[in-house]
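Letters A, B, ... are given to chains in the order of the sequence lines, protein chains preceding strands, and every chain is numbered from 1. Below, all heavy atoms of this structure are taken into account, side chains as well, without hydrogens, waters or symmetry copies.
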Amino acid sequence: MSEMNESRRALIKGLGLGLATCPFALGAARAEAPAQASAVTAAPQAGATSSSDRISPFGAHQPGIATPRPAWGMVASFDAIVDTPADLERLLRRLTERIRFLTSGGAVPQVDPKLPPLDSGILGPVLRPDGLTVTLGLGSSLFERHAWLAAHRPAQLVRMTSFPNDALDADLCHGDIALQFCANTQDTIIHALRDVLKNLPDQLVLRWKQEGNVPVIPPQPPGVMESARNFLGFRDGSGNPDAADEALMARVLWVETPDWTAEGSYMAVRIIRNFVERWDRTPLTEQERIFGRTKITGAPLDQPAGSEADVPDYAADPEGEKVALDSHIRLANPRDEAGERHLMLRRPFNYSNGVTRSGQLDQGLLFIAWQASLEDGFLAAQTRLNGEPLEEYIKPVGGGYFFAPPGFSDAADDYLGRQLIDAIGRTPRKT
Amino acid sequence: MKTLPLAALLLATTAPAFAEQAALDLVAPIAEYKLYVTENTETLVDETRAFTEAVKAGDVEKAKALFAPTRLSYERIEPVAELFADLDAPIDARADDYEQAEADPEFTGFHRLEYALWVEGKTDHVTAIADKLQSDVEELAKRIDGLTFPPAVVVGGASVLMDEVAATKISGEEDRYSRTDLWDFHGNFDGAYKIVELFGPHVEDKDFLASVEGNFAKANETLAKYREGEGFVSYEKLTDEDRRRLSALVNTLAEDLATLRGRLGLG
């Protein structure tokens, strides 16, 4: 207990926020994020993180969405064994119990050595929170399977369908439940996954998982940050909306409805293989033309001496002489009215899985995008991107769409997904 | 931490109750289990003889009909059979245990014959493998006969069986040519349940036992949907939904039964 407070204090102190955080963690996740790191996709800096970092699991919104992206992330997809509303509530409550424990840290309970240990032990006898967030997403299949759930399906939640450049592998797609684990180190996310699997074997059956990371860069001077690079060598996330702008986030990220889905967010996950050998054989000018940015700084090509933070001026470049009309950034966000409406928050990781049968590297992007409207966010952006020149170098092979329910509070009886259970009509909340 | 999981607390506080008294009480169930294994081994030897003779006689249809029922006895006692790795591999290994898969000269036993019957459709080239399988099975029976059953291995066998199903069988890898996997599931469930049946009365936590029994019942209920005659339909008939359910049940049983040794005071 004291240790947790200590690490929490250390984090808050490190962020220069003093002790003036609100007691009920509504929005605490945002309060804990330093202003400069408002770009969630800023590259993590060496020495800036610690195993004591604690990101509160409580709040109006789930963490792992608008909170800064740490070095490691994973999406794991599960089939849920659920027949009744009580089963679903039991799953959600037990999952919440694990999330509370894993994100707080502390001593792992010990049992009689004649029994299997309760914990994998890969982080030692005392868990450090290590910046861990666990974000729950619900898939459309969960809602379709039961009549008592069908009426509560989030309005825009659909099953992912194939785009023209996709080559979807059924074994890497969809799922009733997705869990996104993010933390400073790989061991922490693996530990968290193994903990959940061991504690909920009767209700969660693993379908697929993909983990990834982003490169940690050397410490930067105060106020300086840059977006992390993807496996094509380009900075990824430069065009992301500012996560510190609450009004903007309210529009981009959080669902505004009168039903249980309010303050939730849609999650689009795509496992996008990159043909890195082919990419590395492509002239730099062509690589830059395909993206619309310089490779070294990330500046848009209409301001090549600028920085990645500069906004391209398409009105001054109507023919695409500087930033090609079919470049990735121009198609993804045309910076017009439609572009403004179609914002989403990308929070991806790079993955490296091994070698294909052809002896090529199986590397790519674990693309994760969050939005208040799947139609206006990812679906609209991807539709504009269909046929882009970058497609020659990438191949989406898996993923799925999920809905992240709103957050939960630190009240002892609260749990993730309670709003859904309440909506179903099973509302015997004690207190 | 106030959020210490309830289950963990319960286990932690009841842990010292796992008594040392166990060892003596277990003599009777171990003797009974040995009897069970011996009966199954005898059946295995007899049925393997009929199976391999059909293979050698070139009677492909008869051999196919005998394949799955013959394996049943082996699947029931797998944790004991696996104590003899030098026999388990040649009897029951799969093609992917070998570098050259089906073409590997080391690939023998049930699954090599399964490959001959279902894929190659002939048996004249595998008569030596049939003979070897019969002699391996007989050797196994002899060794089991002389074996002093170690209590921890016997009791631990229940979760080993469930682990096996969870790790490499639920996906339909075991009997990939014949699609008789559901027979093997059934054998594994039988074998694991026998251990629970014999040792369960010595477990103090009756809620635990009730939960384990309930999960076995659910698994059998699910499998029963696929019954046909004396056995089961093809693995391909197993729906995704039921495969998911079986997966969850098997994983839960594997987790729960992994505590059985400790609950009986066995290290």
Practice problem: Would you please test A:Asp83 and B:Arg245 for salt bridge (charged side-chain N to carboxylate O under 4.0 Å, His left out) and show each step? | Solution: CA-CA 11 Å; A:Asp83 289 323; B:Arg245 280 176 193 278; 2.5 Å; yes

Quiz item: Considering all heavy atoms of both residues, which atom of A:Pro201 and which atom of B:Thr252 are nearest to each other, and what is their separation?
Solution: C-OG1, 3.4 Å

Practice problem: Could you pull out the closest heavy-atom pair between A:Leu115 and B:Gly262, with the gap in Å? | Solution: CD2-CA, 3.9 Å

Quiz item: In terms of heavy-atom proximity below 4.5 Å to chain B, should A:Asp119 be classed as side chain, backbone, both, or neither?
Solution: neither

Self-check item: chain B contact via A:Arg94 - side chain, backbone, both or neither, heavy atoms under 4.5 Å
Solution: neither

Quiz item: Got more than 12 heavy atoms from elsewhere within 6.0 Å of CZ, B:Arg227?
Solution: yes

Practice problem: Evaluate whether atom CD of B:Glu99 has more than 12 neighbouring non-hydrogen atoms of other residues, nucleotides or ligands under 6.0 angstrom away. | Solution: no

Practice problem: Nearest 0.5 Å please: distance from the CG atom of A:Leu118 over to the OG1 atom of B:Thr259. | Solution: 10.5 Å

Quiz item: Going from NZ on B:Lys218 to CD1 on A:Ile81, what distance comes out if it is rounded to the nearest 0.5 angstrom?
Solution: 10.0 Å

Exercise. Using a 4.5 Å cut-off on heavy atoms from C-beta on, say whether the side chain of B:Arg243 contacts that of A:Asp79.
Key: no

Quiz item: Would you call B:Glu255 and A:Lys198 a side-chain contact if the rule is heavy atoms closer than 4.5 Å?
Solution: yes

